[in-house]
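So the structure is just underneath, and the comments pick up after that.
Counting from 1, the numbers follow the sequence of the chain as shown.
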Amino acid sequence: FAGRVRVVGTLAEAPGDFRPAAIVLAIKPQEAGATLPGLSRFVGPGTAFLSIMAGQTVAGIRAKLGDGEAVVVRAMPNTPAAVRQGFTVAYPAPGVSPAQRGLADALLASVGEVAWVEDEGLLDPVTAVSGGGPAYVFLLAEVMEAAAVEQ
């Protein structure tokens with residue numbers, strides 16, 4: 001994606017005529033209500049919103065963007081994505097074009113393998129296992145290490 005990715009620190013830094021092919025929503029789910037309305041100017045058939053926010057449904061994302069027809073792909077990567085060894089499950093909402101799905105796939109594949117589901121409801125168990133499972137194991141290992149050091 002070299003030369004094709006533009007990172008801005010704030011929305012104010014994005015030029016008014018800027019029409020990105022994709023916007024990655026990599027924010028905490030609790031920040032969606034405050035953040036997504038500011039992205040409403042990018043809603044249109046040419047821009048896909050790729051969400052990796054746990055628990056934020058397509059309907060909820062579209063509502064926060066102020067448009068029921070926003071192009072949305074939901075995805076849930078697991079912890080090893082941080083070291084490019086992850087596995088991501090993704091859902092293309094109705095309205096996602098084959099090209100937009102391909103772009104989302106390429107973006108997600110940059111951190112590991114990708115699997116697609118056609119039922120948004122399947123992302124809930126994926127989120128529980130991918131997000132909570134590894135975090136619990138790491139926490140358990142940290143607690144065991146701390147107990148060993150203390151002993």
Legend entry - Glu13: side-chain contact (heavy atoms from CB on, under 4.5 Å) partners, not counting sequence neighbours: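 Result, side-chain contact (heavy atoms from CB on, under 4.5 Å) vs Glu13: Val8, Thr10.
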Legend entry - Which atom of Val73 lies closest to which atom of Pro92, heavy atoms considered: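 Minimum heavy-atom separation between Val73 and Pro92: CG2-CA, 4.4 Å.
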Legend entry - Contacts of type side chain to side chain donor-acceptor pair (under 3.5 Å), residue Ser40, not counting sequence neighbours: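 Counting only residues at least two positions away or on another chain, Ser40 forms no side chain to side chain donor-acceptor pair (under 3.5 Å).
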Legend entry - Inter- and intrachain pairs under salt bridge (charged side-chain N to carboxylate O under 4.0 Å, His left out), touching residues 33-45, at least two apart: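 Checked against salt bridge (charged side-chain N to carboxylate O under 4.0 Å, His left out) - neighbours excluded - no pair reaches residues 33-45.
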Which pairs would a plain distance check flag for residues 43-54, meaning a side-chain donor or acceptor within less than 3.5 Å of a matching protein atom at least two apart in sequence or in another chain?
| from | atom 1 | to | atom 2 | distance (Å) |
| --- | --- | --- | --- | --- |
| Thr47 | OG1 | Pro20 | O | 2.6 |
| Thr47 | OG1 | Phe42 | O | 3.4 |
| Ser51 | OG | Met53 | N | 3.2 |

Distance-only check: which donor-acceptor pairs under 3.5 Å involve side-chain atoms of residues 22-33, not counting sequence neighbours?
none

Inset, instruction - Check for a donor-acceptor pair, side chain of Arg62 on one end and backbone N or O of Ala70 on the other, with a separation under 3.5 Å. - result: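 Indeed, once roles are kept as given, a pair shorter than 3.5 Å links the two residues.
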Just distance, no hydrogens or angles: give the donor-acceptor pairs under 3.5 Å from side chains in residues 115-125, sequence neighbours left out.
| from | atom 1 | to | atom 2 | distance (Å) |
| --- | --- | --- | --- | --- |
| Trp116 | NE1 | Asp105 | OD1 | 2.8 |
| Glu118 | OE2 | Arg101 | NH1 | 3.2 |
| Asp119 | OD1 | Gly121 | N | 2.9 |
| Glu120 | OE2 | Val58 | N | 2.7 |
| Glu120 | OE2 | Arg74 | NH1 | 2.8 |

